[in-house]
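Comments concern the structure below.
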Amino acid sequence: MKHAGNVEAETQPASRLRAIFTHRAIWPVIALALIFLVDGIISPGFFQIRVVEGRLFGNLIDILYRATPTALVAIGMAVVIGTKGIDLSVGAIIAIVGAVITWRIHAGDPHGLVLLIALAVALVCGLWNGFLVAVLDIQPIIATLILMTSGRGIGLMINLLYGGTNPSFTSPFLQGLSVGHIGLIPTRLVLFGAIFLALWLLVRRTAFGLLLEAVGGNPAAARIVGINARLVIYSAYLISGFCAGWAGVVLAADTHTSDPVSIGLYVELDAILAVVIGGGSLAGGRIYLGMTLLGVLVIQALTTSILTSGLPPEYNLVVKAVVVLVVLLLQSANLRAALYRMFARAKP
Amino acid sequence: MTARIEMTGVSKAFPGVRALDGVDFRVEAGEVHALMGENGAGKSTLIKIMTGALRGDGGEIRLDGRPVQIGGPGDAQALGIGAVYQEVNLIPTMSVTKNLTLLRQPRRFGLIDWRAARERARERLRRLDVDIDVERPLGSYSVAVQQLVAIARALEDDTRVLVLDEPTASLDANETALLFKIVRDLKARGLAIVFITHFIDQVYAIADRISVLRNGRLVGCAPTAELPPPQMIALMLGRELERAEERTAQTPSAVRGEPILVAEGVGRRRLMQPFDLSLRAGEVVGLAGLLGSGRTEVAKLIFGAIKSDSGAMTVAGAPVGAASPGRSLHLGIAFCPEDRKAEGIVAELSVRENIVLALQTKRGVFRRLSHSEQQALADNMIEALAIATPDAEKPVGQLSGGNQQKVVLARALASEPRILILDEPTRGIDVGAHAEIVALIRRLCADGLGLVVASSELDELVAVSDRIAVLKDRRKIGEIEERAINRQTIIDTIAGPSS
């Protein structure tokens, strides 16, 4: 017994260390920590958070604030990718939502109704994607490419509905949802928190996550089990549409204009990247919402840090690419196994 | 005399498992050597080390007396070690020629010379006496032909050792005979052949020598004549196996009452001629027939995995309407598919998640089983079916084939079915698990479950069935009742004049 106890005492710290280093969150967390470390060295005031005019200010808050639209899109994307799908149309949905908001405000609708219409339109976009993927059985990348390419054009056409000469608007209500603050905290963060929590509850506290992962992991097996795969896939694209729609509300209210050509440009790529940095596989079958959020933070922290560091902006994308590559390399099972072997061999 | 291939003291450890522990294994030239063992005994690991798919932790490999290092599949191929695995790893959408030239293409001016490639493909197949159109996609041929193509690919001019891992798993008797003829030819040419199968009869039909592994150790090695089946099975299991094949006609039948399932004229054009089938509580109805006779089709039509275009079904007296997997689940019909990899397991999900999947689907999205309920259910099933896994959280994809099969069965049982349809429940499963599953089938029926079993193994059907529906060429050609059930009546029915 005593001997067994000794063995346990010896192995436990090692196994705990091992558990930490094999946890999927470790590499994104290290990446984030390194980015902040570099920030702290370059600009000592980086982590300062002050209260200005009754709200929080500072680089960290700024990162969260700017990350919100991407984070919204990314958690929806994580759900879609879990079904072995992908949603390239999220940027286009943002553009359409922005255009719809401006159009309805010009038409004189009450602003609460405008919000509901905008979200309904986003859901219709999700429904369309779901129809193409789940019913017509078109490959997700092609199915959502259709709306991706046409969506911004649809946005411009909506602009024409009211002449399109002045696609800007003012709406204290909508702007409040985006750039306002509740107490010290920006409203968009509070609302994002609510949406994230709702989605997390749906995925992990109902059976939706399990059924969705089964459909994504092995569609044929899911069908044999009796899962309504069509409904599950529909739901995923609806969720992604809704999340992109909310991101559209936040962005349109922020810029108080309808700019279908450039609003939310390339957000789908950042979102996919965030899911992948968070350990999600495009092969489907797993959803990691919290990890996806971590991925978004890595991307946004990097962007903000490059801007505040005084590095010429043309370096921005390249540095971002390098950091993303490193994180992905570290997550590669093959490379990790190779490193582990090297490490094991180096030890006598 | 030096052996063609000799492995000494081969070990391999995986996290938490000692897969191989100092195993010695030698195969002579011109010998068919059967490698036997239960699921997880270490057969696959040993073969993977031999073919370079895995690296052993220790030990030595000698080829014709010369020590060799096998660092990867390329090394093994260069040394003349070829292998054909259980799951045919060819690409069904590509032509036979392309499949045969995947690894080495004849080139001309730096480009692939397709004419030479076709010629070489035909040449390779001719060595096995196979004459097929090499331009057609591989997937358009039967599994048996695909298996032969796989063997043709593994065979180079300089092949010295050929590993056949469950090559007959999806072959019928004629195809198996053809394969064995080819194996004997290869043996006569001096190849050393390692043969892995779970069909005991086949071992005695073809093998010269048998090695038995258990729990990663070599527990026996003898010429076939000196190791009769009971002893070999005893070595594999470490205990004597009660003969599962014997029909327990004396036990009182559990069959009772009105039919719980009646299918009338159910069929689908080009797939299955309309058939009638009924099932009572506690009854086991076997579906017998040769490969391609429609066993799987009948099973899937009843379950609704294939939509019928004729006929009607009632379950417990109530009409079913359009059968579908979702509907069947709610009616209490569960189905274990034949192809566990494609239609059974969700490889990335854990054992627990796979087991609760059907029950959870039945309950619906919003009545989630709590984690502790899931855990309890999974633990029960792991114990009841003796699923070999360190814990319920291991991804199912990492379990051995037989254990994956058990997980699929556990999932079906967990959904609390009244009617259970098993398609090839023991395919790819070793003797021990086989007996366990047969025993389990008996127990379930005693509890009033109605069971439909489709199987290519007559002995298994004879052992468990109360009634057998005989299928031939996608038609139901007869039913055999209780007392008349034995191998011979089934074979006679199949062989009889088809009206």
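What you see below is based on every heavy atom in this structure, not just the backbone, and it leaves out hydrogens, waters and symmetry mates.
Of all heavy-atom pairs between A/Ala221 and B/Gly344, the closest is CB-O, 3.1 Å. Of all heavy-atom pairs between A/Ala207 and B/Gly364, the closest is CB-O, 4.3 Å.
Heavy atoms closer than 4.5 Å to chain A are found in both the backbone and the side chain of B/Ala358. Using a 4.5 Å cut-off between heavy atoms, B/Ile345 touches chain A through its backbone atoms (N, CA, C, O) alone.
Residue A/Ile141 qualifies as open at atom CD1: its count of foreign heavy atoms under 6.0 Å is 12 or below.
Residue with the most contacts toward chain B among A/Gly285, A/Pro219, A/Gly226: A/Gly226 (heavy-atom pairs, distance under 4.5 Å).
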So which donor and acceptor atoms of chain B and chain A come within less than 3.5 Å of each other?
from	atom 1	to	atom 2	distance (Å)
B/Ala305	O	A/Arg223	NH2	2.6
B/Lys341	O	A/Asn218	ND2	3.3
B/Ala342	O	A/Asn218	ND2	3.2
B/Ile345	O	A/Asn218	ND2	2.8
B/Glu348	O	A/Arg286	NH2	3.4
B/Glu353	OE1	A/Arg286	NH2	3.1
B/Val365	O	A/Ala207	N	2.8
B/Arg368	NE	A/Arg204	O	3.4

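Inter-residue side-chain proximity for B/Leu357 and A/Ile227 is flagged as met; some heavy-atom pair is nearer than 4.5 Å.
Taken from CG in A/Leu210 to CG in B/Leu349, the straight-line distance is 6.5 Å, to the nearest 0.5 Å.
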Practice item. Using the side-chain contact (heavy atoms from CB on, under 4.5 Å) rule, take B/Phe303 and A/Ile224 through it: C-alpha gap first, then chi angles, then the decisive distance, then the call. Key: CA-CA 9 Å; B/Phe303 181 65; A/Ile224 291 284; 4.3 Å; yes
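With sequence neighbours excluded, the residues satisfying side-chain contact (heavy atoms from CB on, under 4.5 Å) with A/Leu197 are A/Leu201.
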